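Read the structure below first, then the notes.
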Amino acid sequence: MMGAATPATAALTLRVGEFEGPLDLLLHLCRTSEIDLAHLPVRTITDQYLAHLEAMEFQDLEMAGAYLVMAATLVYLKSRLLVPPDETEEQLDDEAQAVREELEERLREYARVKALGGWLAAREAEQARIWGRPASELPLPDDIPLEDLSVHLLERALARLIDEQRRRRPREVAPEPLSVLERMTEILAVLRDTWSLLFSSLLGAEPRRPEVVVTLLAILELARLGHLRAQQTELFGEIVLERRNGKEDAGGADAH
Amino acid sequence: MPMPTDVVEALLFATDTPLEAERIREVLDLAGVDEARALVDELRARYDVEGRALAIVEVGGGYRMVTRPDYAPWLMRLARTRTRQRLSRPALETLAIIAYRQPVSRPEVDAVRGVNSDGVLESLLERRLIRIAGRKEAPGRPFLYETTREFLVAFGLRDLDDLPRVEGELVIPETATAGVADGQAQVEQGPGPGGPDVAAGR
Amino acid sequence: MPMPTDVVEALLFATDTPLEAERIREVLDLAGVDEARALVDELRARYDVEGRALAIVEVGGGYRMVTRPDYAPWLMRLARTRTRQRLSRPALETLAIIAYRQPVSRPEVDAVRGVNSDGVLESLLERRLIRIAGRKEAPGRPFLYETTREFLVAFGLRDLDDLPRVEGELVIPETATAGVADGQAQVEQGPGPGGPDVAAGR
């Protein structure tokens, strides 16, 4: 019976961790008592809320504060109930009634968010049942799609640099010709999916000289690092590139 | 000479992120995006008729080749461990708020949840499910958050319209009047833009 | 109920390391390795008959699903568009330096990063996230770089003051060419299309 001021003792054993916050607790109390979120019974819900609060142990001061602020709101509402108390139809003065309505609205809002969260969880579980192609080691997971850029990434990059400077670890100066690096990435990505290919297929229909040079450098570097094997069966013949089934293969298995 | 649909098949096979129609158009030198879409549709229909292990799905503004859910038991036995951890309930709820109200600021998220969301937002940023979309024209100029494409992919959504309709609108309470949020949602006023609230906790 | 050959298809699709017959036997609970091999052969024959983009090859002691070599040119084009649409970590790092310390010259960026930044700057210029702001009044008169309006749009910033505050200061080391490290005052302001709002406030 929802008029009962003492909540079920079983519910009291709930730990703080089971609630996301005061709204979650309030919603839980409403649900277990089958309370209409549009007609919050102030007296009942306040008593139940306070009883739960007493049984809770907080480790996080801020979280405790959030629960206490809600408690204060409820106690305020309860104190503004007009006498004589009417169990079925609680009356509040206009000011308090506004607070109650706002609280009810927030509760309904939270209920919606919670439902959506549940929907997303189900969706996530569903997605866990399908497999795409394994994420390649390349492009590196660090590579950000342009549309997902976010300033926190810049912030972190700078913080990392500053941190490095603080630790006074002078960086070694090394050449980093990015286009070769990029081309290496591209070639490896293609080789992952096709195993072997012809050198000529790496170039466009009308390759420009710098493109050929960069591609050649990329291949030499990849061969040096043991990622691929380049073979030319006849003089001036086509160069055949083959992915090497080396350690990077073994590493790829648990890279995702 | 390979057929265009077969080229599309090769392209879909070779990408681990959704492939946009525009990129298919570009790679195949097609006249328009519609042509690219038509090719994918043709391939998709073929896959569906054959009803084999693979399917083509539309997700996050692009197309992906994936295994059908029926094959999950065997793939799980293959023990390709999925390092991706499931999201916690607070994370999912925060994500729900952002998905519906984007772009939305932290104080607003806090107000709906009734608790501080700093840590959750941080981890969602870390997993690139949300991004900072700018700053809100409001006191303290808090950051605004929105979901990323990665979010759509992770939840198998074509776009944000794929989210279920919620009964009634999601209303973000005014932070100033929200009783619970008082004291914690209020942004510490910095002396200027990019004030102390931003630098906090980093 | 999925057919065994289709299960094999799913397994091969979802792994990029060669899959041994023994693993297939195990996952499908087959009596022997020969049975597993027969399934792969059946699938392989089907793929060959259909003559599409994908094929199954035996390499490194196992089986792999790959695209046929004829498709390599398209895959290469795809890889190139992918590179263009992403920002690598070095690029992001360089962009951060420029965003927070603009205008800044290449030798200065190099000195901070400890690597040659030519290629990265090139790709940032190409993506129009940075632009040349003029030349530094220093030996060699190196180019100075600053962020663009597109940069602001991409990150959802109104102006540079919207950037998150970072604790501490990035030190720009003295470089051989840069006489005065903090010589930002003597910038030759290029009143280019980026507009005054971009350069303002730094």
Side-chain angles (χ1 to χ4, degrees), chain A residues 20-24 26 60 62-63 65-67 69-70 72-73 76 99 102-103 105-106 108-110 112-121 123-136 144-145 147-153 155-156 159 189-190 192-194 253-256, chain B residues 10 13-17 55 57 64-69 71-72 75 80-83 86-87 89-90 92-93 95-97 99-100 111-116 125 128 130-133 143 148-150 154-157 163-164 166-168 170-173 177-184 202:
Chain A
E20 302 307 331
L23 284 170
D24 198 24
L26 215 48
D60 180 347
E62 191 177 343
M63 187 58 99
Y67 278 91
V69 173
M70 176 63 80
T73 306
Y76 161 80
V99 173
E102 195 199 311
L103 182 60
E105 178 48 38
R106 294 192 57 201
R108 285 196 296 273
E109 175 71 357
Y110 184 70
R112 283 192 284 269
V113 165
K114 209 174 150 154
L116 291 171
W119 184 83
L120 285 176
R123 196 80 202 172
E124 193 187 27
E126 219 173 276
Q127 289 305 303
R129 290 176 55 80
I130 67 172
W131 270 254
R133 281 282 289 161
S136 55
I144 315 284
E147 68 267 27
D148 284 356
L149 285 178
S150 170
V151 276
H152 79 282
L153 297 167
E155 182 195 3
R156 275 169 208 184
V190 172
R192 181 179 81 108
D193 298 309
T194 191
D254 40 30
H256 22 78
Chain B
F13 175 79
T15 32
D16 50 0
T17 51
V57 293
R64 271 184 91 198
M65 193 184 282
V66 295
T67 59
R68 293 183 198 272
Y71 296 85
L75 289 165
R80 208 188 97 194
T81 46
R82 315 194 116 180
T83 43
R86 291 287 177 86
L87 290 166
R89 241 183 71 195
L92 288 166
E93 285 171 15
L95 214 41
I97 297 168
Y100 275 88
V112 174
R113 297 187 57 228
V115 288
N116 181 304
L125 278 173
R128 288 208 222 113
I130 59 170
R131 67 180 282 253
I132 294 172
F143 284 128
T148 58
R149 184 169 170 188
E150 183 62 34
F155 290 90
L157 306 170
L163 288 169
V166 262
E167 199 193 318
L170 276 186
V171 183
I172 305 249
T177 58
V180 177
D182 268 354
Q184 60 175 21
R202 307 268 154 160

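Bear in mind that the values here come from a model prediction, so they are computed numbers and not experimental data. Each chain gets a letter, A, B and so on, in the order its sequence line appears, and its residues count up from 1.
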From CA spacing to verdict: side-chain contact (heavy atoms from CB on, under 4.5 Å), B:L163, B:F155 | CA-CA 10 Å; B:L163 288 169; B:F155 290 90; over 6 Å; no

Would A:E109 and A:R106 satisfy salt bridge (Lys or Arg N to Asp or Glu O under 4.0 Å), going step by step from the backbone distance to the final call?
-> CA-CA 5 Å; A:E109 175 71 357; A:R106 294 192 57 201; over 6 Å; no

Check against salt bridge (Lys or Arg N to Asp or Glu O under 4.0 Å), A:E126 and A:R129 = CA-CA 5 Å; A:E126 219 173 276; A:R129 290 176 55 80; over 6 Å; no

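In this structure, the side-chain hydrogen bond (donor to acceptor under 3.5 Å, both in side chains) partners of A:D24, at least two apart in sequence or on a different chain, are A:K114, B:R89.
Top candidate by heavy-atom pairs under 4.5 Å with chain B, chosen from A:T194, A:L149, A:V190, A:V151, is A:L149. Annotation: maximal heavy-atom pairing with chain B below 4.5 Å, among A:A159, A:G117, A:G21, occurs at A:G117.
We find that B:R128 and B:E150 are not joined by a salt bridge, their nearest charged nitrogen and carboxylate oxygen being 4.0 Å or further apart.
Looking at B:T17, neither its backbone nor its side chain comes within 4.5 Å of chain A, counting heavy atoms on both sides. Heavy-atom distances place no part of A:A72 under 4.5 Å from chain B, backbone and side chain included. Only the side chain of B:R64 comes within contact range of chain A, with heavy atoms under 4.5 Å apart.
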